[in-house]
**Student:** 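I'd like to ask some things about the structure below.
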Number of protein chains: 2
Amino acid sequence: MAEPVGDKGEVPQPESTSHPTTSDAKPTTEAVASPSNTPAKRNAFTELMAPKPKAPISQAPQSMASKASQIVRGVWRGALIEYIEHPERFPDKVLRVTANTVLIKDAFPKATIHLLLLPRSPAHYLLHPHTAFADPAFLAMMREEAAVGARLAAAELARRLGSFSASNRARDEAMGKGKGGGAASDRDGSESELPLPAGRDYAAEIRVGTHAHPSMAHLHVHIISRDMRSERARHRKHYNSFTTPFFVPLADYPLGEDDVRRETGFQNANLKRELVCWRCGKEFGNRFAELKRHLEEEFEAWKKE
Amino acid sequence: MAEPVGDKGEVPQPESTSHPTTSDAKPTTEAVASPSNTPAKRNAFTELMAPKPKAPISQAPQSMASKASQIVRGVWRGALIEYIEHPERFPDKVLRVTANTVLIKDAFPKATIHLLLLPRSPAHYLLHPHTAFADPAFLAMMREEAAVGARLAAAELARRLGSFSASNRARDEAMGKGKGGGAASDRDGSESELPLPAGRDYAAEIRVGTHAHPSMAHLHVHIISRDMRSERARHRKHYNSFTTPFFVPLADYPLGEDDVRRETGFQNANLKRELVCWRCGKEFGNRFAELKRHLEEEFEAWKKE
DNA sequence: TATTCCGATAGTGAC
DNA sequence: GTCACTATCGGAATGAG
């Protein structure tokens with residue numbers, strides 16, 4: 001989960017001067033940072049920046065939302081508010097800012113790609129995801145933004161895995177690119193006269209959804225690659241929270257009133273349940289370290305697909 | 001618990017050539033090592049060496065005992081056989097050798113002083129202590145040797161703590177020794193004309209007994225100082241095995257047939273029970289590390305008594 | 001279901 | 001009730017002018 005870092009000296013300003021809908025930040029549609037410090041070159045992330053501005057989705061009364069916000073300010077549960085209110089302070093973390101959302105890199109990524117989409121609406125950002133996504137307009141907006149985030153994630157995944165991908169290499173060779181270097185983009189290919197191999201569908205390796213019981217107070221949607229290979233994935237719960245029904249795909253919202261995934265007992269059992277490889281289904285009981293080693297092997301095979 | 005060390009290249013000889021009662025070792029009454037590498041100087045340990053030889057206590061049939069011995073040879077449970085059969089190989093560990101016993105320093109001492117007394121009789125050394133000490137002659141022999149070991153232990157404790165002991169300092173000053181250096185001996189004092197302060201009773205700080213369920217196969221009697229201060233005391237069981245009725249004083253043998261200390265359930269509970277400071281009775285629940293820190297403080301007070 | 005630190009608990013293998 | 005190694009499990013604190 002992302003947390004603000006490297007801003008020890010800065011104290012969050014009182015809510016009266018820093019509300020996002022009356023923000024003191026720069027224009028909200030600005031791309032704050034390119035992900036890889038590659039200057040002006042073509043880049044999967046930068047290509048998708050600067051979408052059309054839209055009106056903020058909520059104009060809920062400031063006083064009420066701010067009061068709730070105040071409760072979690074300055075404690076770990078409320079750390080995400082810093083990105084929501086001051087995205088410009090985190091150029092290394094923030095990938096995209098709109099009037100309604102902030103897209104960041106998770107500070108403790110649990111997979112090769114792990115982004116968080118944060119809504120900026122005070123009327124929504126402290127709601128439980130099950131509640132917030134009962135609002136159709138809000139859900140639609142978040143889905144739209146999550147789709148953008150997922151494309152960014154897929155493009156970045158392509159950049160990272162492209163040189164290893166068998167299906168992409170076939171495509172690259174058909175295009176006369178040769179073996180070296182990653183394929184920076186796998187989108188379209190319509191300029192070619194001959195039918196090209198489709199190339200790897202990196203988007204299919206990206207999953208978008210929430211945790212059934214988030215610990216961070218502010219609503220966040222995970223945009224994460226499937227591999228679950230990360231140094232920061234250190235506990236059974238880390239793994240199970242993404243590989244069991246504890247992870248609720250954004251596509252599944254709004255949840256039915258009787259959806260079993262609302263039940264705390266069910267979800268606690270999901271977090272505690274025995275470990276299973278997401279890719280091959282092999283069971284690892286409580287042997288997390290062994291699963292980790294196995295995931296390294298699976299990663300090698302997965303990235304070559 | 002002591003184990004042979006530094007003899008990786010040496011394979012235990014077949015029992016037929018190395019039986020202690022038909023030993024190939026040097027004369028069994030020889031003092032193998034002085035404890036502190038102090039050359040020929042007067043020393044608490046060396047003073048008590050070289051007791052009168054006695055006849056070995058057992059002449060049990062070799063074949064039977066050797067068969068049993070063979071079972072635990074070469075595995076960790078049988079490691080003590082090396083000291084019994086080849087005490088001369090461990091000059092740094094062995095303090096005293098007689099026809100009937102070997103006295104060694106525990107390789108993993110659980111207190112400032114921690115010795116083991118090992119009987120050499122194959123008819124006894126694989127028996128459970130409760131069984132072995134039902135033999136009055138064997139018990140008498142072991143008590144006699146344990147008393148020697150306890151005196152050695154007390155003398156060594158005096159050497160280590162003497163300079164910190166308030167009661168000993170009073171005595172030393174009455175004898176005109178001044179403050180510096182440890183008192184090498186606190187025994188008698190009868191040469192003086194004036195009544196001297198008694199000096200600290202170090203023997204009272206030494207406890208002698210067995211574990212109710214030993215893990216090492218060969219019978220061993222612990223001779224250990226009360227402090228339980230040691231880097232090698234690392235587990236709850238280490239501590240409880242010496243500070244609960246799991247520790248059976250040699251003086252309590254032979255145990256009555258209905259002695260509760262024979263009961264496995266009782267003893268397992270002793271090993272698992274909550275931690276209590278042996279000196280002040282303070283309770284530490286399962287907080288072993290906290291107990292360890294507390295024992296450091298108790299040690300400072302205890303050594304100054 | 002935030003992380004991090006510390007420490008208790010559990011299983012194994014060892015000649 | 002042997003040790004030593006690895007790992008799992010469990011609680012507590014957590015920022016900061």
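Residue numbers begin at 1 in each chain, while the letters A, B, ... track the order of the sequences.
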**Student:** May I ask you to decide whether B:Glu145 forms a salt bridge with B:Arg96, counting only side-chain N to carboxylate O separations under 4.0 Å?
**Tutor:** yes

**Student:** Could you check how far CD of A:Glu231 sits from P of C:dT3, rounded to whole Å?
**Tutor:**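 Result: 14 Å.
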
**Student:** Could you pull out all residues at least two apart from B:Arg226 that satisfy salt bridge (charged side-chain N to carboxylate O under 4.0 Å, His left out)?
**Tutor:** B:Glu205

**Student:** Does any pair with a residue in residues 241-250 of chain A pass side-chain hydrogen bond (donor to acceptor under 3.5 Å, both in side chains), and if so which ones, sequence neighbours excluded?
**Tutor:**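 The answer is A:His211-A:Ser241.
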
**Student:** Can you sort out which residues in residues 271-292 of chain B have a heavy atom within less than 4.0 Å of DNA chain C? Ascending by number, please.
**Tutor:** B:Asn286, B:Arg287, B:Phe288, B:Ala289

**Student:** Dot-bracket notation for DNA chain C is requested: 5' to 3', Watson-Crick or G-U wobble pairs only, both distances under 3.5 Å, with ( ), [ ], | and . as defined.
**Tutor:** .|||||||||||||.

**Student:** Want to settle it: does A:Arg234 or A:His213 sit nearer the 5' end of DNA chain C, counting the closest nucleotide to each?
**Tutor:**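 Of the two residues, A:His213 wins.
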
**Student:** Using ring pair (Phe, Tyr, Trp, His ring centres under 6.0 Å) as the criterion, list what pairs up with A:His294, not counting sequence neighbours.
**Tutor:** A:Phe284

**Student:** Rounded to the Å, how far apart are B:His238 NE2 and C:dT9 C1'?
**Tutor:** 14 Å

**Student:** What is the distance, to the nearest angstrom, from the CG atom on B:Leu80 to the C1' atom on D:dC3?
**Tutor:**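 After rounding, the reported distance stands at 13 Å.
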
**Student:** Measure all distances between protein nitrogen or oxygen atoms and nitrogen or oxygen atoms of nucleotides 11-14 of chain D, and list the pairs falling under 3.5 Å.
**Tutor:**
unit_1	atom_1	unit_2	atom_2	d
D:dT14	N3	A:Trp76	NE1	3.4
D:dT14	O4	A:Trp76	NE1	2.9

**Student:** Starting at atom OH of B:Tyr239, determine the distance to atom P of C:dA8, rounded to an integer number of angstrom.
**Tutor:**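 Checked: the OH to P distance equals 14 Å.
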
**Student:** Less than 4.0 angstrom between a side-chain N/O of A:Arg77 and OP1 or OP2 of C:dT3, yes or no?
**Tutor:** no

**Student:** Considering residues at least two apart in sequence or located in another chain, which fulfil the side-chain contact (heavy atoms from CB on, under 4.5 Å) criterion with A:Asp252?
**Tutor:**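 Per chain and number, A:Asp252 pairs via side-chain contact (heavy atoms from CB on, under 4.5 Å) with A:Val248, A:Pro249, A:Leu255, A:Arg261.
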
**Student:** Is it true that a side-chain atom of A:His128 and a backbone atom of A:Ala212 form a donor plus acceptor pair closer than 3.5 Å?
**Tutor:**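 Checking the backbone N and O of A:Ala212 against the side chain of A:His128, a donor-acceptor pair under 3.5 Å is found.
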
**Student:** Would you please name every residue forming a ring pair (Phe, Tyr, Trp, His ring centres under 6.0 Å) with B:His213, sequence neighbours left out?
**Tutor:**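 With sequence neighbours excluded, B:His213 shows a ring pair (Phe, Tyr, Trp, His ring centres under 6.0 Å) to no residue whatsoever.
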
**Student:** From NZ of B:Lys110 over to C1' of D:dC3, roughly how many Å is that when rounded to an integer?
**Tutor:** 8 Å

**Student:** Rounded to whole angstrom units, what separation is found between the CZ atom of B:Phe108 and the P atom of D:dC5?
**Tutor:** 11 Å

**Student:** Partners of B:Phe138 by ring pair (Phe, Tyr, Trp, His ring centres under 6.0 Å), sequence neighbours excluded?
**Tutor:**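 Per chain and number, B:Phe138 pairs via ring pair (Phe, Tyr, Trp, His ring centres under 6.0 Å) with B:His124, B:Phe133.
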
**Student:** Return each pair, listed once, that meets salt bridge (charged side-chain N to carboxylate O under 4.0 Å, His left out) where at least one residue sits in residues 262-272 of chain A; pairs must be two or more places apart or across chains.
**Tutor:**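 Matches after skipping sequence neighbours: A:Glu257-A:Arg262.
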
**Student:** Can you tell me if A:His211 touches the phosphate of C:dA2, counting only side-chain N or O atoms and a distance under 4.0 Å to OP1 or OP2?
**Tutor:** yes

**Student:** Which residues pass the salt bridge (charged side-chain N to carboxylate O under 4.0 Å, His left out) test with A:Arg143, not counting sequence neighbours?
**Tutor:**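 Residues passing salt bridge (charged side-chain N to carboxylate O under 4.0 Å, His left out) with A:Arg143: none at all.
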
**Student:** Give me the one residue out of B:Glu296, B:Glu298, B:Glu297 that meets salt bridge (charged side-chain N to carboxylate O under 4.0 Å, His left out) with B:Arg279.
**Tutor:** B:Glu298

**Student:** If the condition is salt bridge (charged side-chain N to carboxylate O under 4.0 Å, His left out), which residues does B:Glu290 pass it with, not counting sequence neighbours?
**Tutor:** B:Arg287

**Student:** Atom NE2 of B:His235 and atom P of D:dC3: how far apart are they, to the nearest Å?
**Tutor:**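 Distance check: B:His235 NE2 to D:dC3 P gives 6 Å.
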
**Student:** Rounded to the Å, how far apart are B:Arg232 CZ and D:dT2 C1'?
**Tutor:** 12 Å

**Student:** Could you give the distance separating D:dG17 and C:dT3 at their P atoms, to the nearest angstrom?
**Tutor:**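 It comes out at 24 Å once rounded to the nearest Å.
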
**Student:** Please classify the nucleic acid contact of A:Arg293 as base, sugar-phosphate, or nothing, using heavy-atom distances under 4.0 Å.
**Tutor:** sugar-phosphate

